[in-house]
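Here the structure comes first, spelled out in structure tokens, and everything after it is commentary.
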Amino acid sequence: MAKDKAIFTCTECGGTSPRWLGKCPSCGAWNTLVETVVEGGNAGASKNRMSAGSYSGLAQAQPVTPLAAIEAQDVARTPSGIEELDRVLGGGIVEGGVVLIGGDPGIGKSTLLLQAMDALHRTGMPTLYVTGEESGAQVALRSRRLGLDHSQVNVLAEIQLEKILATMESTQPAVVVIDSIQTVYSDQLTSAPGSVAQVRECAAHLTRAAKSTGIAVILVGHVTKEGALAGPRVLEHMVDTVLYFEGDTHSSFRLVRAIKNRFGAVNEIGVFAMTEKGLKGVTNPSAIFLSQHSEPVPGSCVLVTLEGTRPMLVEIQALVDSSGPAPRRLSVGLDRDRLAMLLAVLHRHAGVACADQDVFVNAVGGVRISEPAADLAVMLSITSSLRGKALPKGFIAFGEVGLAGEVRPAPRGQERLKEAAKLGFTVAIVPKANAPKKPIEGLEIHAVERVEEAMNIVRGLG
Ligand code: TYD
Ligand code: MG
């Protein structure tokens, strides 16, 4: 047997190097190479065998075909019965599809998947729940708590990949959950479970198994402190769908967002509420990210954001306070670089200076907002806090702000305005191009082309 050989694997891209280097030779990231051990001879040999084998396999099985001659079937989806989950999956579970679902510990990944497996099992699909983090008894306890007393979901408490694959082969489930991929290890590698090499190798094997057998595989992934999925970046490339759980563990609302989906739209979100009996879908989530102020308070501005197919109202809060020598800019749920840019635009184009102030911005409820249409609401909440003057009651705003101080339209403005009107909002500042042709009942709409205009209108309203 060949001597064990150490290689260094990049935690960002999964690239390898025979020596430790400060910078990854594949992706250029710094300090990302970690030592992983492979059985040199064996791994090399099996790799060669595998690639030679798969090449010849491909050549025989897949002759080239003109695109037009390939039957383009839409993939069949099996709805899980949990509507909000199906929404992010693009309709349901796809045969042979691999889904990676990431999120903070305790946010509800295991809960949601157990509920989904039970629902699928009840529709007649054989399911297998592989748990590596909890014992079978713990999973059973959770299922009782969820009120799934007579659940027929098969549970396997196992962390060794080869045994999991063997069980998949012998029991032939239609859907398998691996909770979590970081706990699974393969015998063929000597490095510890959760190491880059193990996670990548195990995920690759499971993906291959899914594609060759048609079993749908759902991988649960841990996230790091920074909120990225732990393990190699390649994991996200390998799978068909990547879902992220978001939300503040202290509030009961949870969002599941599709980051990548080969079978559906991205940035679609599913909204859940964590209850005593597990996660319940929230079908009308538009008002859950508003905090309840009896009277308007300074530093708060409601934004109508469009997540996937549904408009939602989210309260943006800002606190501007005089600071020491080094003013801080902090944002929760919003991009920090964008905040710095918006402060510069405010200064330059609206004459609002925050250079000697700390600026904190927060999107209420732990929701993450990535669309630039939030810009106007962020700026208005900052100026409102700085002046200590609340925006009018029933006020909303949206619109992207450019470096030249122009306010750019947001996609599907009409829908946003209608949703706001439906929820009883009465005044809006929107980009000119989003102004509706026909008035919307109950909503007074101010269309603006520039930031300074928006600031003047707000002053007039107050
Ligand atoms: P869990 O699904 O174990 O999280 P993850 O797998 O993402 O780590 O979620 C557990 C949390 O949810 C825990 O803090 C308890 C809470 N919870 C409820 O509030 N209600 C329930 O019915 C269940 C099962 C869990
Ligand atoms: Mg869990």
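Along the sequence shown, residues are numbered consecutively beginning with 1. Order of appearance sets the numbers: ligands from 1, and atoms from 1 within every ligand.
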Check your understanding: For ligand 1, is any non-hydrogen atom under 4.0 Å from Thr275's backbone (N, CA, C, O), its side chain (CB onward), both, or neither?
Key -> backbone
**Study point:** 4.5 Å side-chain heavy-atom contact, Thr305 and Val367
**Key:** no
Check your understanding: Do any nitrogen or oxygen atoms of Glu134 come within less than 3.5 Å of a nitrogen or oxygen of ligand 1?
Key -> no
Check your understanding: Taking only heavy atoms of Gly278, which atoms of ligand 1 are found under 4.0 Å from at least one of them?
Key -> 20 (N), 21 (C), 22 (O)
Practice item. Using distance alone, with no hydrogens and no angle criterion, decide if Thr183 and Glu133 have a side-chain donor and acceptor under 3.5 Å apart. Key: no
Check your understanding: Among protein atoms, how many N/O/S atoms lie less than 2.8 Å from the Mg ion (ligand 2)?
Key -> 1
Check your understanding: When only distance counts, is Pro105 in polar contact with ligand 1, meaning an N/O pair under 3.5 Å?
Key -> no
**Study point:** Criterion side-chain hydrogen bond (donor to acceptor under 3.5 Å, both in side chains) against Tyr129, the qualifying member of Asp179, Asp118, Asn154
**Key:** Asp179
Revision key, fill the gap. At under 4.0 Å between heavy atoms, what of Lys109 touches ligand 1? The answer is both
**Study point:** Charged tip of Arg416 within 45° of Phe398 ring normal and under 6.0 Å
**Key:** yes
Exercise for review: May I ask you to test the Thr241-Val98 pair for a side-chain heavy-atom distance under 4.5 Å?
Suggested key: no
Exercise for review: Begin with the C-alpha distance, continue with both residues' side-chain angles, and end with the deciding distance and a verdict on side-chain contact (heavy atoms from CB on, under 4.5 Å) for Cys301 and Glu315.
Suggested key: CA-CA 6 Å; Cys301 179; Glu315 180 179 338; over 6 Å; no
Review point. Counting heavy atoms not belonging to Arg336, are there more than 12 under 6.0 Å from its CZ?
Key: no
**Study point:** Asp104: numbered ligand 1 atoms lying under 4.0 Å from its heavy atoms
**Key:** 7 (O)
